[in-house]
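Below, chain A is the first sequence line, B the second, and so on; all start at residue 1. Heavy atoms only: backbone and side chains are in, while hydrogens, waters and symmetry mates are out.
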2 protein chains.
Amino acid sequence: MGITKSEFFTDKQNSIAQLTKAFGHPARIAIIEHLLKVDTCICGELVDELPLAQPTISQHLKELKNAGIIKGNITGNAICYCIDEKAIDKIQNYFSSISTRLNNKKNKCC
Amino acid sequence: MGITKSEFFTDKQNSIAQLTKAFGHPARIAIIEHLLKVDTCICGELVDELPLAQPTISQHLKELKNAGIIKGNITGNAICYCIDEKAIDKIQNYFSSISTRLNNKKNKCC
DNA sequence: TTTCTTTATCGTAATATTGCAATATACAAT
DNA sequence: ATTGTATATTGCAATATTACGATAAAGAAA
C-alpha cells in the first residue's frame, strides 16, 4: 500500500513519528549539520555543499519545514533557513524520557 | 527515483538517518512504547495491541531490528523483543549535542 | 504423530519517496 | 525594461514503503 494508518495511533505518536521521519534522510541530516555550522544559512550554499541538484535540496528543505524542524525568513531574494529549537527540544525530551524509562526497568529480559 | 544517495554522505550522517528513519512510523513508535510499558514483550501481544495485521507488525519489528533499535531472544516458540539501549543512547546523544550547539550560536538569524 | 500456537516470509497491490530537468517566480541590479 | 540570481514548483521515472492474505517454519501440547 505505502499509506500509513495514522488514524489508529495517538497524536503524540504521529507527531514524534513525523519528526523522526523528517530526520530520516542523510541529506536532511547534512542540512541540519550545515545549519549548525554557519550562523546564517541560505539554500544556495547547500547547493554547493551537498551532492544533490537544487530542486532536490529545495524539496528536502520543504520537508524539514513541514515537520517544523526549520523555519525560513525571506531576506531580499535569498532565504534564511534556521533550525527551530522547539522541534529539537521536543525530540530530545522524547528520547531522554525513553532513556529514563529504560533505566527504571527492573526485569530486563535481554 | 526513490533511491537514496547514501554514498555521498558521511557514515555518521547515514547512521543517524537510518536510526531516525526507523523511528519514523507511528506503529514503530507504538511498538517502542509498548516495549517500555511491559518488561517482557512478545510479538503476539502487539498483534492485540496494534491495529495492524500480524505480518505487518512482523515487518515493522524487522526494521527496528535492522536499525539496531530492538533485539530479539528466542524463548521456546515465542520471541522476546527488547529495546537496545545503545541505540537510544546514540540518538539521545546526537540530539543533545545539536541542542548544545544551538544554544552556543550567537548570531541567531531567525 | 497430529494439532495448535507463534512468528517469519512470500507475493502483490497501493501509495510514498527520491531525484532531476525544465520551468516558473520573484526580487536585485543594471 | 532587461538581465541575473536565488529559490520553488511541476512533471516524471525509478525505487522504497506500507499493508495484508496466504503460507511456511518451528517448537509446544495433546
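- Phosphate proximity of dT17(D) to H60(B): absent, as no side-chain N or O sits under 4.0 Å from OP1 or OP2.
- Protein atom CZ of F8(B) is 14 Å distant from nucleotide atom C1' of dC20(C), rounded to whole Å.
- Between K21(B) and dA16(D) there is no side-chain N or O to OP1 or OP2 distance below 4.0 Å.
- Using the six-membered ring where Trp is involved, H25(B) and F9(A) have ring planes that are perpendicular, over 60° apart on the 30 and 60° scheme.
- Counting heavy atoms from C-beta on, the side chains of L61(B) and L46(B) come closer than 4.5 Å.
- Residues satisfying the side-chain contact (heavy atoms from CB on, under 4.5 Å) test with I88(A), not counting sequence neighbours, are F23(A), I83(A), I98(B), S99(B), L102(B).
- Atoms CD1 (I31(B)) and P (dA19(D)) sit 10 Å apart, rounded to a whole Å.
- Atom NE2 of H25(B) and atom P of dA16(C) are 12 Å apart (whole Å).
- Among the heavy atoms of the strands lying under 4.0 Å from L52(B) are primed sugar atoms or P, OP1, OP2 only; no base atom is included.
- One can place CD1 of I70(A) at 12 Å from P of dT7(D), the figure rounded to the nearest angstrom.
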Scan nucleotides 5-10 of chain C nucleotide by nucleotide, 5' to 3', and note B when protein non-hydrogen atoms come under 4.0 Å of the base, S if they reach only the sugar-phosphate, - if neither. BSBBB-

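- Annotation: the span from Q18(B) atom CD to N66(B) atom CG amounts to 7.5 Å, rounded to 0.5 Å.
- Remark: C82(B) SG to L36(B) CG distance equals 10.5 Å, nearest 0.5 Å.
- Looking at N14(B), its side chain does come within 3.5 Å of a backbone N or O of S6(B) through a donor-acceptor pair.
- We find that CD of Q18(B) is positioned 17 Å from C1' of dT17(C), with the value rounded to whole Å.
- Proximity of K5(B) to the phosphate of dC20(C): a side-chain N or O atom is located under 4.0 Å from OP1 or OP2.
- Each of A53(A) and T4(A) was assigned the nucleotide of DNA chain C with the nearest heavy atom; the assignment lying further toward the 5' end belongs to T4(A).
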